[in-house]
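We're numbering straight along the sequence, starting at 1. Hydrogens, waters and symmetry mates are skipped; everything else that's a heavy atom, side chains included, is used. As the structure lists them, so they are numbered: ligands from 1, and atoms in each ligand from 1.
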Amino acid sequence: MNADILDGRAVAATIESELRTRIAQLASAPRLAVVQVGDDPASTSYIRAKSRAAERVGIKLAHHHLPAGTSLKKLKTLIEQLNSSEHGLLVQLPLPDKLEPALTRIVPERDVDGFHPVNLGKLLRGEPALRPCTPAGIMELLERSNHSPAGKHAVIVGRSNIVGKPLAVMLTQANATVTVCHTATVELAHHTRQADLLIVAAGQPDTVAPEMVRPGATVVDVGVNRTAAGLVGDCAPSVAEVAGALTPVPGGVGPMTVAMLMTNTVTAAED
Ligand code: GUN
């Protein structure tokens with residue numbers, strides 16, 4: 001078997017075109033501020049992808065690039081200014097530990113990353129809120145490519161606050177039955193082989209080998225690992241020979257994450 005490709009680039013392009021229509025109804029272009037502290041190369045590359053998408057849909061993105069030694073006070077002050085002047089605001093992660101307390105200064109209405117405790121609380125309660133972009137993008141990709149999770153056994157590998165945990169909530173709300181595996185899971189392969197829908201967000205290449213996948217399963221690879229061999233996901237390439245459908249890396253979840261950030265920004269501008 002060779003897996004069908006779940007084309008995140010194509011679905012993201014459709015979403016961008018829907019956003020251009022929504023933006024045309026607004027009195028002014030939505031404004032998004034992206035704050036970067038230091039020079040993490042992965043962050044720089046993510047911000048470049050966000051800037052290009054913003055340009056394509058008609059969002060005004062302002063990149064605030066601060067030096068690595070920026071103080072907590074300075075970052076908090078900038079965030080408070082941007083809360084008032086922008087529709088959406090995010091601080092690119094990772095952030096030095098001592099600056100983490102600044103993140104909760106982003107008001108929930110501007111929190112287009114969906115990381116604020118208020119937005120995560122609303123997600124848990126099934127109330128409307130800005131949703132974390134990567135899990136929201138995975139849900140959107142599945143629904144729009146006719147792989148609805150309803151009634152499926154979804155197995156997630158990874159329990160991060162950004163992907164695994166919020167995705168477990170979204171899949172449960174979409175009527176999947178959900179298992180969450182993590183670094184302390186005993187016999188990971190036993191669980192992954194039960195999955196109709198396997199989502200791998202472990203941040204490690206080769207976390208999932210083909211013998212860990214039920215033939216015909218839908219596999220979503222969230223990994224973005226920069227290796228000597230280039231950009232690779234969390235699944236071994238030969239998983240494509242067993243899976244029924246698979247997201248490519250690059251071109252799967254990544255473009256969907258960016259499309260959801262643009263969606264959250266337009267939603268914040270509409271409210
Ligand atoms: N770093 C890696 N992924 C993300 C993300 O979705 N949002 C932010 N702010 N930083 C990240």
### Query
So, does D113 sit close enough to ligand 1 that a heavy atom of it is under 4.0 Å from the ligand?
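Under 4.0 Å: yes for D113.
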
### Query
Looking at ligand 1, does V91 have a heavy atom less than 4.0 Å from it?
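The answer is yes: ligand 1 sits under 4.0 Å from a heavy atom of V91.
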
### Task
Compare every heavy atom of N119 with every heavy atom of L130, then report the nearest pair and how far apart it is.
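Closest heavy-atom pair between L130 and N119: O-CB, 3.6 Å.
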
### Query
Below 3.5 angstrom, do we get any N/O pair linking Q92 and ligand 1?
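Q92 vs ligand 1: N/O contact under 3.5 Å present.
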
### Query
Near L90, which atoms of ligand 1 are under 4.0 Å from a heavy atom of that residue?
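Those atoms are 9 (N).
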
### atom 1 (N) of ligand 1: any protein heavy atom closer than 4.0 Å
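So atom 1 (N) of ligand 1 has protein heavy-atom neighbours under 4.0 Å.
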
#### Entry: E18/R144 salt bridge by N-O under 4.0 Å criterion
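Salt bridge between R144 and E18, a charged N being under 4.0 Å from a carboxylate O: yes.
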
### Query
Hey, is R110 close enough to E86 for a salt bridge, meaning N to O under 4.0 Å?
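Here R110 does not pair with E86 in a salt bridge, since their nearest N and O are not under 4.0 Å apart.
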
### Task
Going by heavy-atom distance to atom 10 (N) of ligand 1, choose the closest among T257, L261, V34, L93.
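When every heavy atom of T257, L261, V34, L93 is considered, L93 comes closest to atom 10 (N) of ligand 1.
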
### Query
Does K60 NZ have over 12 foreign heavy atoms under 6.0 Å away?
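Open: at most 12 neighbouring heavy atoms sit under 6.0 Å from NZ of K60.
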
### Over 12 foreign heavy atoms within 6.0 Å of CD, Q194
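Correct, the count exceeds 12.
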
